[in-house]
Number of protein chains: 2
Amino acid sequence: MKTLCDPRELMARQGVDPNPNRDLILKVIASSSKAVTPKFILTAARKTRSIDKVTLYRILDLFVARRILRRMASVAGSLRYEIACAEHNPLHPHFVCRECGDMECLSDVDLSDVRERLNMKTKNLPEDIDLKLEGVCQKCSPRKRRRHEEK
Amino acid sequence: MKTLCDPRELMARQGVDPNPNRDLILKVIASSSKAVTPKFILTAARKTRSIDKVTLYRILDLFVARRILRRMASVAGSLRYEIACAEHNPLHPHFVCRECGDMECLSDVDLSDVRERLNMKTKNLPEDIDLKLEGVCQKCSPRKRRRHEEK
DNA sequence: AACAGCGTGCAACTGAGTTGCAATATAAAT
DNA sequence: ATTTATATTGCAACTCAGTTGCACGCTGTT
């Protein structure tokens, strides 16, 4: 993400009351350039204040439900979260590494045409589109260095 | 999947030796119209012969590595597997239900153009493309009937 | 003060997937 | 055919992400 959106403003716009935990969690996610795991968020947030993992998961669920965050799954590892702000971080595809699970954002790729092409293909009601390229990232490929994982 | 590809032929083509467990597992997956979970595969396979879950996971890993199966993640529940036969089940997008995790195949949608559009956007090496629509399926939406889950 | 309602923390749990290792089966070599 | 190497399986125990139940505490309301 390039520009940082203000966590407080995002919550206000989506009708979610701010509080210390929510502020902090959103700030951690907003200030990362990639989609992040709960583990990463927890580690980063705990440098500021003590938070239980259950609290984190509950806040993440709330944010996803209120469309403040986008949640994504990948074959390697846990779910990842990114800011869902239409102006500062519009919907985009990702590259996902099969080894370490790291996610690269392919920003500046618009998916609205793909979305339209697909919507008519199902009787169900698509709410989101999730497009991922999968492979092994540069960090992992040279020597198959297992799990360089995020700190 | 429309036409059924022959498990034995698939394995032969991809250089994997057949054996009773592999045959059975591949048959179960090939005869399903949707991408299936390990749990589903295990239940179905055990109607024929007793198989340990570890064996299943190992065979699934082997099949994915040898490109006999495609593996997909979704935000709801576990990984899902489908036959990766280019003729009988070419790469296609999916609709995934957020409630029950069920995956509908959007066959007859070709993704090669999307793929090309994206390949140049990353310095990494994309091997696969995975496109999913997310939402709540018809079975789940009417009364938010939790977890109708597959039998 | 007594109550409701929400947010949090702790502990214990669930469920998917993994690892180590011993037992078995299969294929190759003598 | 018996031995020897190699691949496959099963069991038990484990890891790790995410969840649930419940008690506690902090608002704000009557």
Side-chain angles (χ1 to χ4, degrees), chain A residues 11 15-26 29 35-46 48-66 68-69 71-81 96 98-103 146-147 149-151, chain B residues 11 14-26 35-46 48-66 68-69 71-81 96 98-103 146-147 149-151:
Chain A
M11 282 192 264
V16 170
D17 295 331
N19 76 22
N21 284 338
R22 292 174 184 174
D23 292 351
L24 177 56
I25 289 171
L26 208 45
I29 301 171
V36 289
T37 60
K39 190 179 172 184
F40 174 88
I41 302 167
L42 210 51
T43 308
R46 280 179 175 158
T48 304
R49 73 200 314 267
S50 127
I51 305 186
D52 190 79
K53 65 169 179 168
V54 180
T55 305
L56 170 63
Y57 281 116
R58 286 195 274 235
I59 291 177
L60 289 175
D61 283 348
L62 171 69
F63 284 168
V64 169
R66 294 307 193 76
I68 288 173
L69 295 179
R71 165 156 45 201
M72 290 160 300
S74 79
V75 290
S78 48
L79 299 175
R80 284 175 184 257
Y81 298 83
V96 188
R98 289 213 178 91
E99 296 285 328
C100 64
D102 202 41
M103 259 190 205
R146 275 258 136 203
R147 306 261 118 200
E149 199 51 71
E150 77 197 325
K151 315 91 214 162
Chain B
M11 281 191 266
Q14 302 299 113
V16 170
D17 295 331
N19 77 22
N21 284 337
R22 292 173 183 175
D23 292 351
L24 177 56
I25 289 171
L26 206 46
V36 289
T37 61
K39 189 179 172 183
F40 174 88
I41 302 167
L42 210 52
T43 309
R46 280 179 175 160
T48 305
R49 73 200 313 267
S50 127
I51 305 186
D52 189 80
K53 66 169 180 168
V54 180
T55 305
L56 171 62
Y57 281 115
R58 285 195 275 234
I59 292 178
L60 290 175
D61 284 347
L62 171 68
F63 284 169
V64 170
R66 293 306 193 78
I68 289 174
L69 294 180
R71 166 156 43 199
M72 290 160 300
S74 78
V75 289
S78 47
L79 299 174
R80 285 176 183 257
Y81 298 83
V96 188
R98 290 214 177 91
E99 295 286 327
C100 64
D102 202 41
M103 258 191 206
R146 275 257 137 206
R147 307 261 118 200
E149 201 50 70
E150 77 196 324
K151 316 92 215 163

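Letters A, B, ... are given to chains in the order of the sequence lines, protein chains preceding strands, and every chain is numbered from 1.
Between the side chain of B:R46 and the main chain of B:I51, a donor-acceptor pair closer than 3.5 Å is present.
At whole-Å resolution of the value, CD1 in A:I41 and C1' in D:dA17 are 13 Å apart. Atom P of nucleotide D:dT19 and atom CG of A:L42 are separated by 14 Å, given to the nearest angstrom. Distance, B:R80 CZ to C:dA16 C1': 13 Å, rounded to whole Å. C:dG17 atom P lies 9 Å from atom CG of B:L60, rounded to whole Å.
Contacts of A:D23 classified as salt bridge (Lys or Arg N to Asp or Glu O under 4.0 Å), with partners at least two apart in sequence or in another chain: A:R8. A:T48 pairs by the side chain to side chain contact (heavy atoms under 4.5 Å, CB included) definition with A:L24, not counting sequence neighbours. The salt bridge (Lys or Arg N to Asp or Glu O under 4.0 Å) search around A:R71 returns A:D61, not counting sequence neighbours. Qualifying side chain to side chain contact (heavy atoms under 4.5 Å, CB included) partners for B:A73, counting only residues two or more places apart in sequence or in other chains: A:A73, A:V75, B:L79.
Rounded to 10 degrees, the angle between the two end axes of the helix from C:dA1-D:dT30 to C:dT30-D:dA1 is 10°, with five pairs used at each end.
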For nucleotides 5-13 of chain D, give me one character per nucleotide, 5' to 3': B if any protein heavy atom sits under 4.0 Å from the base, S if the only such contacts are to the sugar-phosphate, - if neither. ---SBBBB-
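By the 4.5 Å heavy-atom criterion applied to side chains, A:L26 and A:L69 are counted as neighbours.
Residues B:N19 and B:N21 approach most closely at OD1-N, 3.0 Å, considering heavy atoms.
Going from atom CZ of A:R58 over to atom CZ of A:R22 covers 11.5 Å, rounded to the nearest 0.5 Å.
Under 4.0 angstrom from either OP1 or OP2 of D:dT19 there lies no side-chain N or O belonging to A:Y57.
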